[in-house]
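Heads up, the thing below is written out as C-alpha cells.
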Amino acid sequence: MPKRKYSNDELPDMADEHQDTRTGPQTLVIDPEGDLYMKLDAGSLKVSRKALSLSSPVFLAMLGANSKFKEATDMTRTQNGVQIVSFEDDNFETMAIIARIIHLQSNEVPSTMTFQRLYQVAIICDKYDLKRCLGPWTKIWATPYLDCYARQGYEKWLFISIVFQFDGLFKEMTRHLVINSEVSEQGTLVTTTGLDLSEGVSSTIIDRITKSRAETMFVVIDLYWQELCKLRASNTARVCKVGGANVAKCDAINLGCLYQQLPDLQDPRQSTGACRKTVISMVEAAAGILEVGGSLGGLFAAIVLKRLGHVVRIFERNATPLLHNQGAGIVAGGDVQAFFNKYDATRRPIAVASKLRQYLDRQGDQIHREDMVQKMTSWDLLYYLLRANFDGVESGYCDVPEPLETDGQGAYEYGHTVKNVKDLGEQVEVEYEDKRGKAGTTVADLVIGADGPSSTLRKILLPDVKRDYAGYVAWRGTVPEQEASPAVKGTFVDKFTFYHSRGTQILAYAIPGGNGSLEPGKRLINWVWYCNYPQASREYDELMRDSDGKTHHVTLPVGKMRKEILEQQRQYAQNVLPPQFADLVCGTEQPFIQAITDVISPRNSFFDGKLLLIGDAVAGFRPHTAASTSQAAFDAQKLHELMNGNIGRGQWEEETMEYAKHVQERGVEMGQRSQFGNHPSAQTMHGMARS
C-alpha cells in the first residue's frame, strides 16, 4: 500500500497550543511511556506505536512487526530503545493535534483552527485513513467555514468535503464549480482564482464536474444561439416579448447586445471543445432580466420569466446558498394555488386542507364555527419547490423536474447586495457588492424588485417611504403533530382555530411537516399569537434583544430568544389563553417573533417601466390578511400577461397597485380592530395583565 505524496502547503503561522516558537526542531511528548518517535518536518512526537496502529489501517500496515514498508524497515533506535520512524513529509503541528486525539487527550485538542490548518488535517486524514478516528472533531473544526466554500481563499473545500465525507457540502460545492469554473490555457479545470481543481481530487470527480459544466455550457450557448438566429431573422418574425410599437427597436437592441457581449458566438453543434469562460459569465453577458430578492416573491416572478424563455438572474443578499427556514405556516390562497397549478413542474401536492374555521372561548369551548375549506402550506415547502423549478436545487421536498423545451435559463447569485440603480436610457445599471465585499456593476433591460417589505430598491427610489411599526408583534412557532396531546390535535388538526381577547389574538392550523410531508402524524401544528408592545416601552426593547445582546428591528430569529423572555411568555399563555392554545405555546421549543409593520409604495414602476416592484416590496401586508404570498403570486401572473403583450404596462400598474392598496388597507383595519378595538369574538379579561 504505497503512501500518497503531498507537498506541504505554505501556511501562515498559527497561534494554537502546539505552536513551535523555537528556531530548531522540538520533541513533544504525547505519551511518556511511548515506544515510537514520529520524526516530522519541524520536530518529533513521542507516541504509542500500538495507539497509532489501532487508529488507522495505514499505520497498522506501516508499523506492524512484519511490515515491508520503508518506514518500518528504515527504523532506528535511540539509546533508550525507543524507535524512530520518519514522517518528514508531514506537518508537525497538525500531526500533534491528531496524535492528541489518537491518545484520547481530548482536553488538549483545540476546538477551533484556521481553515489552512483544517486543510492540513484533511491531507493527513486522507493519507493515513483517519476519518473514523477523528470522528466528530472534523465537524467541530469545519463548522465556522461551512458557508465559505464559494469565497476566494476557500477553494480547498472540495478536497476537504471529500475526505471528511460532508456529502451535502460536496454536492453544493460541485454545483457551484459547475457554473463558476474555467478552463485554463493548459486545458485543465481551474477556479476563477486560477487554482487547479485536480490537486488532491480524483480524476473521476474532475471528469464529472467537467462533463456537467460542458453540458450546462452547451445549453446556455445554444439558448443564445437560437435567440441570435431569431433576431437576425426578425424582419419576418418579431421575438420581443413585451410587444407594442417598439418591437423592431427592441429586437435591434437585443441583437446588438448579443453581438457586443458575445462576438465569437457560434452554433454549439458545429463547435468543438468547451468554452473557457465560466457558465455564470455567459449568463451575465446577455441576461436581459435581473431580479433583486430570492425569496418566494422573487422566485414566483423568476419562474414566470424563465417559462417565457428569458435568461433571468436573481441577486439575493443572504450570504448562504439557501435561505434559512423559520418554520412559518402560510395560507395557500387562490392565487398561490393557481400559480403552482400552472408553473410547478414537480406536480406534488402543496397543502394540508382545513375543513372549518372555529372560535374558542377562554375555557377552550367552541363558541362559533363556519364550514370553510382552506389550504395551508409552509414557507419551506414552497421555497424548495420554487428553487427546484428555477435552478434545479435538490432537496428532500421533491424531485427536480426536467427543464421544459421552452424554458430560458436561471442563475441564483446569493451574497449580492444592491447598492444603487441608474437609468441608462435603454437599460438599467445596477451597482452591487458580492459576498466577498467586492463591488461590481451589471446592466439589465429589466430590473424587478422583489426584495421584501424593507426593499433596498424602494429605499433608493423612494427614500421617504418608511416601514412603520404597528404597535404589536406576532409570536410564532410550531409543534410536531405526533408530539401533541389528543386535546391539541382534536382542536387544531383539520381546523383553522381562533381565540380573541382584548388586545390579543391567537390562531393555529396544521401545515406540512419535515420535507413537506402531508402524512397525518408527520405534519406540524403552526400557531401565531399577536401581542401588544408599545414601541418606546422597555418591554418591547427587552423582547427584541436576543441571547447575544443584539437588538433586532423586525424579526427575532429561531434559536435567539432569551430563556427568561420565553418562560415569561409561557406563563402568560397559561394565564390568559384557552388550555389547548397554552399547550401549543408551552410545547414549542424555539418560537420566533415578527414585529408587525405597515408600508406601501405610491407606485411600482420606475425608469419608464424598466424597473418594477412586486410583492412585499410594493406593500407589506399585516398577516391577518393571509395574503402576502398571494400578492407575490398575483403580481407574477400579471407579469406574465405584461411580458406576453396581453396587457400594457399601464394596466399592469393599475391592477397590481389596486390589489396592493386594497389588501393593505384591509390588513390595517383588521389589525387595529383585533389589537386595539373590539373584535366580535373577543372576551374581556379582567386582572389578566402580563406578568
Side-chain angles (χ1 to χ4, degrees), residues 1-9 11 14 16 18 30-31 36 38 40-41 45 47-64 67 69 71-72 85 87 89-149 154-175 177 197-206 208-209:
M1 185 185 301
K3 286 171 43 178
R4 291 178 61 181
K5 292 289 185 180
Y6 295 86
S7 60
N8 284 326
D9 204 27
L11 302 176
M14 303 179 192
D16 60 34
H18 303 286
I30 302 294
D31 182 0
L36 185 72
M38 301 178 72
L40 299 148
D41 64 346
L45 301 176
V47 298
S48 164
R49 182 173 180 169
K50 184 175 182 179
L52 257 63
S53 298
L54 291 173
S55 71
S56 154
V58 177
F59 282 149
L60 177 62
M62 288 173 56
L63 304 175
S67 174
F69 277 82
E71 287 81 2
V85 62
F87 290 85
D89 289 339
D90 299 320
N91 181 266
F92 170 78
E93 290 88 352
T94 306
M95 188 65 84
I97 296 172
I98 294 173
R100 296 284 194 193
I101 296 172
I102 291 172
H103 290 77
L104 305 180
Q105 298 174 7
S106 298
N107 60 324
E108 299 292 333
V109 178
S111 59
T112 60
M113 60 175 56
T114 66
F115 182 74
Q116 301 291 359
R117 179 72 74 205
L118 182 68
Y119 173 59
Q120 283 197 334
V121 170
I123 289 176
I124 293 178
C125 179
D126 181 57
K127 190 174 182 179
Y128 298 111
D129 194 6
L130 289 163
K131 172 66 177 67
R132 189 174 180 182
C133 169
L134 297 184
W137 284 104
T138 58
K139 292 183 179 179
I140 294 172
W141 295 327
T143 295
Y145 308 109
L146 290 178
D147 294 334
C148 300
Y149 68 85
Y154 293 89
E155 294 86 356
K156 300 292 188 181
W157 250 130
L158 180 62
F159 172 75
I160 295 172
S161 65
I162 295 169
V163 174
F164 294 158
Q165 298 177 8
F166 295 163
D167 295 339
L169 182 64
F170 171 73
K171 185 180 293 185
E172 192 63 40
M173 181 76 179
T174 52
R175 179 185 178 83
L177 289 172
L197 288 170
S198 63
E199 185 176 335
V201 179
S202 75
S203 59
T204 301
I205 292 173
I206 294 299
R208 287 179 181 176
I209 295 174

Which heavy atom of [X] sits nearest a heavy atom of [Y], and at what distance?
| X | Y | result |
| --- | --- | --- |
| I102 | A51 | CG2-O, 3.5 Å |
| L45 | A99 | CD1-CB, 4.1 Å |
| C133 | I101 | O-CG2, 3.9 Å |
| A122 | I160 | CB-CG1, 4.0 Å |
| S161 | L158 | OG-O, 2.9 Å |

Checklist entry - Any side-chain donor-acceptor pair under 3.5 Å between N91 and R117? => result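 Their side chains do contain a donor-acceptor pair, which is all the 3.5 Å distance test asks for.
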
Item to check | Residue pair L130, S55: steps toward the side-chain contact (heavy atoms from CB on, under 4.5 Å) verdict | outcome: CA-CA 7 Å; L130 289 163; S55 71; 3.9 Å; yes

Item to check | Rounded distance (nearest 0.5 Å) linking atom CG of L134 with atom CD1 of I140 | outcome: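 Interatomic distance, L134 CG to I140 CD1, rounded to 0.5 Å: 11.0 Å.
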
Item to check | Lys/Arg N to Asp/Glu carboxylate O, D90 vs K127, below 4.0 Å | outcome: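 A salt bridge links D90 with K127.
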
Checklist entry - Is any side-chain heavy atom of M113 less than 4.5 Å from a side-chain heavy atom of Y119? => result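 No. Closest side-chain heavy atoms not under 4.5 Å.
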
Checklist entry - Which word best sums up how the rings of W157 and F166 line up, parallel for under 30°, tilted for 30 to 60°, or perpendicular for over 60°? => result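 Correct class here is tilted.
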
Item to check | Residues W141, T114; criterion side-chain contact (heavy atoms from CB on, under 4.5 Å); working and verdict | outcome: CA-CA 9 Å; W141 295 327; T114 66; over 6 Å; no

Counting only N and O atoms by type, is there a donor-acceptor contact under 3.5 Å from the side chain of [X] to the main-chain atoms of [Y]?
| X | Y | answer |
| --- | --- | --- |
| R49 | L63 | yes |
| H103 | I30 | no |
| W137 | P110 | no |

Checklist entry - Taking it one step at a time, do F164 and V121 satisfy side-chain contact (heavy atoms from CB on, under 4.5 Å)? => result CA-CA 10 Å; F164 294 158; V121 170; 4.0 Å; yes

Next on the checklist: Working note: F87 + D41, criterion side-chain contact (heavy atoms from CB on, under 4.5 Å); need CA distance, chi angles, decisive distance, verdict.
Outcome noted: CA-CA 7 Å; F87 290 85; D41 64 346; over 6 Å; no

